[in-house]
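Take a look at the structure set out below.
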Amino acid sequence: MRTSESAYDRRRLRQWLAGEARADGVSRRDMLRLLAAAGLAGAAAPAALAAPAAAATAPGIVKPLPDEWFTVRGTNAETRFAALAGTGYHTPNDRFFVRNHTTTPVLTAADWSLTVWGDGLRNGRPAEFSLDDLKQFPAVSHSAFVECAGNGRSLFTSQQGQTVSGTAWTLGAIGAARWRGVRLADVLRRAGLDRRAVDVMPRGLDAPYVLADGTDLGRVRRPLPLSKALDDVLLVHEMNGEPLPPDHGHPVRVLVPSWIGIASLKWVGDIEVSAQPLYSPWNTDFYRLFGDAHPAGGSAPLTRQTVKSAWELDREATLTAGTTHRLTGRSWSGAGGVVRVEVSTDGGTTWGEAHLHDTPRRDGWVRWSTRWRPAATGPHTLLARATDSAGRTQPDATVANTQGYLFDAVVRHPVRVE
């Protein structure tokens, strides 16, 4: 049965505002202070707004970051969409974007274990699993994208003239992979899941996250409703047929298909199972919508991703006049498979349908292409607009929020014809 996310969000928001929940690691007074700061002035997001830069390496990231594949943004690395052209449906591990709150921990699989604990287990007894233990469960493989909630954040400013906080991603904070692991539901049941359980909160093994003012928020963690945890969530240890690379969660990460990337927590070390609602800074101060168009206390915690499209072409790319170009891109949505992509090569004056190269699928993206023979030289604007199986179509503009989450508007992609 699919999770009733809107009902869950409304219930959790009421519980939080009424004080009927527990916030792990942070006092309720501190959490309210953080909420107030976010609602009134725009809280600092987990990563600072960074100017674009290119580099072969970055502090705290293990894998190489060649300039032609990545733009380094502080502790993060954004994939250049042009680098995905011709790579196939799944993003190669070495080109997959990196989103870190602190730095990548280098962990040894043989020394790793997962502890499942909390008052949502029978008798409250914790259970521990090694990687070999997990591999004894039935294996599951699933193709799905993982996308940061702030993907497209810089477009609030460059395209809509709005000031937001956080890492200035363009559209490359996304990747799709074939993940292999085990069902979280199987592990929870083996641990002794009690019928009183309502929330499940994975916690990472990366370093604690400390705000600029010195507030230590502890290790990254974010709760899931039990119904979601028992639905389609996986504990994965392989990515595209290989053991998870360090930057992508080795030895084990959580995969929450179609939800914002923070839910797919990396380097998971323990999972709390609770008989009462759980909260953390990552679903109270961060990863909610604040701003004039949203409730004074912020929206409900964010869950599903929005619909987006991106051209596999550098911005300001140069194309030749009088030549037929095959232009490619990708579109995706958290609500269902993308069933139609419309493209415009004249800034939105006229539109035509792109050719889809993949069957629309839940949790995935579609590759598409269109042919264009530009006649006139000078600047041109390319647009792509996707519609998913739930009937959602990219709008002309995204309603602003202070932390720049869930940008879904049609993106204006400038090119030059010579």
Side-chain angles (χ1 to χ4, degrees), residues 16 21-38 42-50 58-62 72-77 97-109 111-118 126 128 146 148-150 165-167 173 199-224 235 244-254 256 260-274 277-288 301-302 403 405:
W16 169 249
R22 176 160 56 85
D24 173 52
V26 182
S27 71
R28 178 171 168 76
R29 186 172 71 175
D30 284 346
M31 200 68 73
L32 289 173
R33 174 180 59 80
L34 293 171
L35 281 169
L49 187 66
I61 295 177
V62 172
V72 175
R73 303 190 185 282
T75 60
N76 310 299
F97 84 103
V98 178
R99 169 66 174 106
N100 285 350
H101 280 80
T102 54
T103 61
T104 295
V106 180
L107 307 173
T108 303
D111 296 331
W112 175 89
S113 65
L114 172 69
T115 301
V116 182
W117 61 282
E128 189 167 308
V146 172
C148 179
S165 62
T167 301
D199 270 7
V200 173
M201 184 156 67
R203 185 191 323 261
L205 289 170
D206 44 339
Y209 181 67
V210 181
L211 295 177
D213 66 2
T215 302
D216 188 341
L217 300 183
R219 284 178 162 150
V220 179
R221 60 207 181 276
R222 194 175 198 260
L224 295 167
L235 295 173
L244 282 173
D247 293 309
H248 303 296
H250 180 80
V252 175
R253 73 177 295 168
V254 180
V256 184
I260 59 173
I262 184 64
S264 293
L265 189 128
K266 298 190 287 187
W267 316 295
V268 62
D270 73 270
I271 298 175
E272 180 179 1
V273 184
S274 177
L278 293 174
Y279 290 83
S280 83
W282 287 270
N283 73 338
T284 53
D285 188 42
F286 308 135
Y287 302 103
R288 295 170 64 182
L302 301 180
Q403 297 184 76
Y405 294 134

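Side chains included, hydrogens not; waters and symmetry mates left out as well; all remaining heavy atoms used. We number each residue from 1, following the sequence as shown.
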| request: Any chance you could measure L205, atom CG, to R253, atom CZ, to the nearest 0.5 Å? | output: 13.5 Å

| query | For A207, what residues pass the side-chain contact (heavy atoms from CB on, under 4.5 Å) criterion, not counting sequence neighbours? | reply | T102

| request: Measure the CG-CG distance between L217 and L211 for me, rounded to the nearest 0.5 Å. | output: 4.0 Å

| Stepwise, does the side-chain contact (heavy atoms from CB on, under 4.5 Å) test hold for V116 with V273? | CA-CA 7 Å; V116 182; V273 184; 3.8 Å; yes

| message | If you compare all heavy atoms of E128 against all heavy atoms of S113, which two are closest, and at what distance to 0.1 Å? | response | OE2-OG, 3.4 Å

| message | Minimum heavy-atom separation for S280 and P223, please, with both atom names. | response | OG-CD, 4.2 Å

| Just wondering, do R222 and I260 contact through their side chains at under 4.5 Å, heavy atoms? | yes

| message | For a side-chain hydrogen bond (donor to acceptor under 3.5 Å, both in side chains) check, start with the C-alpha distance between W112 and H250, then their side-chain angles and the critical distance, and finish with the verdict. | response | CA-CA 10 Å; W112 175 89; H250 180 80; over 6 Å; no

| Would a distance-only check, ignoring hydrogens and angles, find a side-chain to backbone donor-acceptor pair under 3.5 Å from Q403 to D285? | yes

| Just how far is it from atom CG of L302 to atom CH2 of W282, taken to the nearest 0.5 Å? | 15.5 Å

| query | Looking only at heavy atoms, which two atoms of L265 and P202 are closest? And how far apart? | reply | CD1-O, 3.8 Å

| query | Would you call the rings of Y405 and Y287 parallel, tilted or perpendicular, where under 30° means parallel and over 60° means perpendicular? | reply | parallel

| said: Would you say that D199 contacts L224 through its side chain, given a criterion of any heavy-atom pair below 4.5 Å between the two side chains? | reply: no

| field | Listed partners of T104 passing side chain to side chain donor-acceptor pair (under 3.5 Å), at least two apart | value | N100, D247

| message | Run the side-chain contact (heavy atoms from CB on, under 4.5 Å) test on T103 and D206 for me, step by step, so that the C-alpha distance in whole Å, both residues' side-chain angles and the decisive distance to 0.1 Å come before the verdict. | response | CA-CA 7 Å; T103 61; D206 44 339; over 6 Å; no

| Looking only at heavy atoms, which two atoms of P301 and R288 are closest? And how far apart? | CA-CG, 3.6 Å

| Residue pair P246 / V62: nearest heavy atoms and the distance that separates them | CB-CG2, 4.1 Å

| Are L235 and L114 close enough that some pair of their side-chain heavy atoms sits under 4.5 Å apart? | yes

| Just by modelled atom types, is the H248 backbone N or O under 3.5 Å from a matching donor or acceptor in the W267 side chain? | no

| request: Apply side-chain contact (heavy atoms from CB on, under 4.5 Å) to V220 and I262, showing your working. | output: CA-CA 9 Å; V220 179; I262 184 64; 3.7 Å; yes

| task | For residues T167 and T75, determine if any side-chain heavy atom of one lies less than 4.5 Å from a side-chain heavy atom of the other. | result | no

| field | N/O donor-acceptor pair under 3.5 Å between K266 side chain and R99 backbone | value | yes

| remark: CE of M201 to CH2 of W117, rounded to nearest 0.5 Å, is 7.0 Å

| query | At their closest point, which heavy atom of A263 faces which heavy atom of V256, and how far apart are they? | reply | O-CG2, 3.4 Å

| request: Please tell me if the side chains of P251 and L107 come closer than 4.5 Å, counting only heavy atoms from C-beta onward. | output: yes

| request: For D270, check salt bridge (charged side-chain N to carboxylate O under 4.0 Å, His left out) against everything at least two apart and list the hits. | output: R203

| message | Measuring only between side-chain heavy atoms, which start at C-beta, is V254 closer than 4.5 Å to V268? | response | yes

